[in-house]
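Notes for the one structure printed next.
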Amino acid sequence: MLKSRNMEQSFTPGGPRHVAIIMDGNGRWAKARGRPRLFGHHAGARRLREIVTACPDLGVEYLTIFAFSTENWKRTQTEVAGLMSLFKRYITKEMQAFVDENLRVRFIGDRLRLAPALQDLMDNAEELTKHCTGVNLTVALNYGGRDEVARATKRLAKDVALGKVDPDDVDEETFVKYLDTYVLPDPDLVIRTSGEARISNFLLWQSAYAEYEFIDTLWPDFSPEVFAKLLAGYGVRDRRFGAAPA
Ligand code: FPP
């Protein structure tokens, strides 16, 4: 069990504050064992728990994970239903542990397409952990970067129509306030497991200056040791955000 504590300092020297992960490879992991895809997703959920638990000691203050994309509805009905029931079970089971571990949970994505029972659990998890000051876990569920930008634009357009926002005042700073992630810092490091080198519509706006790590490890094999190694590697990078070297 984790100690609860405030995330006031980083414990990986020069390490990233905000890490975002595309947890890929559950299906291949299961296939390699002759098991159904959902077996891999369950193993992935157990791995996620371990990674979240490792965050405070690694100095990761924000962890954002891609659990279900706006494109994942195209999977078989069995897989989608299995994933939805896994999310419900996971939130229900882990809720008290999140509070005990001082972990603040948030969800991003279009939750209106999700089942009302799942939406209620998500709302409840956010409400119950809103006082927590430890690791910020953000779960992207029915999330797509383009969809997020489209939804943000729609809300902004409504505010313009209502006269709340002057179109001439719209700039990057105004726009980010309409994104699902408006309370989060941008990710410093985006990791994708399973050997695919693409970002699949994840945090498109927010990752403009992120560093990327694409690694071959399948998500259910992504251990805290592998995670720690990637974070240590990040510490030696020179991030200039478009500026020239000093
Ligand atoms: C991608 O692997 C994984 C997903 C679409 C689901 C991610 C979900 C989990 C890790 C379960 C735990 C999450 C929560 C929030 C409880 P894939 O199925 O595309 O793998 P493949 O590319 O090998 O087929």
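Nothing fancy with the numbering, it's 1 onward along the sequence. Only a predicted model underlies this, so the values are computations on that prediction, with no experimental measurement involved. Numbering of ligands and ligand atoms starts at 1, following listing order.
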Partners passing side chain to side chain donor-acceptor pair (under 3.5 Å) against Thr181 (at least two apart in sequence or in another chain)
Gln206
Please confirm whether Trp219 comes within less than 3.5 Å of ligand 1 when only nitrogen or oxygen atoms on both sides are compared.
no
Contacting atoms of ligand 1, where contact means under 4.0 angstrom from a heavy atom of Arg28:
21 (P), 22 (O), 23 (O)
Checking a contact table here: which protein heavy atom is nearest atom 17 (P) of ligand 1, and how many Å away?
Asp24 OD1, 3.5 Å
Spacing of CE belonging to Met84 relative to CG belonging to Asn72, to within rounding of 0.5 Å:
8.0 Å
Can you tell me if Gly25 has a non-hydrogen atom under 4.0 Å from ligand 1?
yes
Examine the proximity of ligand 1 to Arg75 and report which part, side chain or backbone, both or neither, has a heavy atom under 4.0 Å away.
side chain
Run the numbers for me: atoms of ligand 1, each under 4.0 Å from some heavy atom of Asn72, listed by number.
5 (C)
What orientation do Phe227 and Phe222 show, parallel under 30°, tilted 30 to 60°, or perpendicular over 60°?
tilted
Euclidean distance, Leu184 CG relative to Thr64 OG1, rounded to 0.5 Å:
5.5 Å
Could you list the donor-acceptor pairs under 3.5 angstrom formed between side-chain atoms of residues 196-205 and any protein atom two or more places apart in sequence or on another chain?
residue: Glu196; atom: OE1; partner: Arg198; partner atom: NH1; Å: 3.3
residue: Glu196; atom: OE2; partner: Arg28; partner atom: NH1; Å: 3.4
residue: Ser200; atom: OG; partner: Arg192; partner atom: NH1; Å: 2.8
residue: Asn201; atom: OD1; partner: Gly145; partner atom: N; Å: 3.0
residue: Asn201; atom: OD1; partner: Arg146; partner atom: N; Å: 2.9
residue: Asn201; atom: ND2; partner: Glu71; partner atom: OE2; Å: 3.3

Any N or O on Trp29 sitting closer than 3.5 Å to an N or O of ligand 1?
no
Does Phe68 approach ligand 1 within less than 4.0 angstrom via side chain, backbone, both or neither, non-hydrogen atoms only?
neither
Protein heavy atom at shortest distance from atom 11 (C) of ligand 1:
His41 O, 3.6 Å
Nearest to atom 1 (C) of ligand 1, what protein heavy atom do you find, and at what distance?
Met23 O, 3.2 Å
Of the listed options (Ala140, Ala45, Pro220), which comes nearest to atom 12 (C) of ligand 1 when hydrogens are ignored and any heavy atom counts?
Ala45
Quick one: do Tyr143 and Asp180 satisfy side-chain hydrogen bond (donor to acceptor under 3.5 Å, both in side chains)? Show the steps, please.
CA-CA 10 Å; Tyr143 176 86; Asp180 296 350; over 6 Å; no
Run down the list Ile22, Asn26, Thr193 and name the one with the heavy atom closest to atom 10 (C) of ligand 1.
Asn26
Would a 4.5 Å heavy-atom cut-off, applied to side chains only, mark Asp24 and Phe66 as touching?
no
For Gly27, the ligand 1 atoms whose distance to one of its heavy atoms is below 4.0 Å:
17 (P), 18 (O), 20 (O), 21 (P), 23 (O), 24 (O)
Using 30° and 60° as the class limits, which term best fits the ring planes of Tyr62 and His18: parallel, tilted or perpendicular?
tilted
Taking non-hydrogen atoms only, is Arg47 closer than 4.0 angstrom to ligand 1 via side chain, backbone, both or neither?
neither
Ignoring hydrogens, just give me the one of Gly44, Ser194, Ala43, Ala67 whose non-hydrogen atom is nearest atom 7 (C) of ligand 1.
Ala67
Here the gap from Glu94 atom CD to Asp100 atom CG, rounded to the nearest 0.5 Å, amounts to 11.0 Å
Heteroatom distance test (Tyr90, ligand 1): nitrogen or oxygen, under 3.5 angstrom:
no
Looking only at atom types and distance, does a side-chain atom of Arg49 sit under 3.5 Å from a main-chain N or O of Ala45, one as donor and one as acceptor?
no
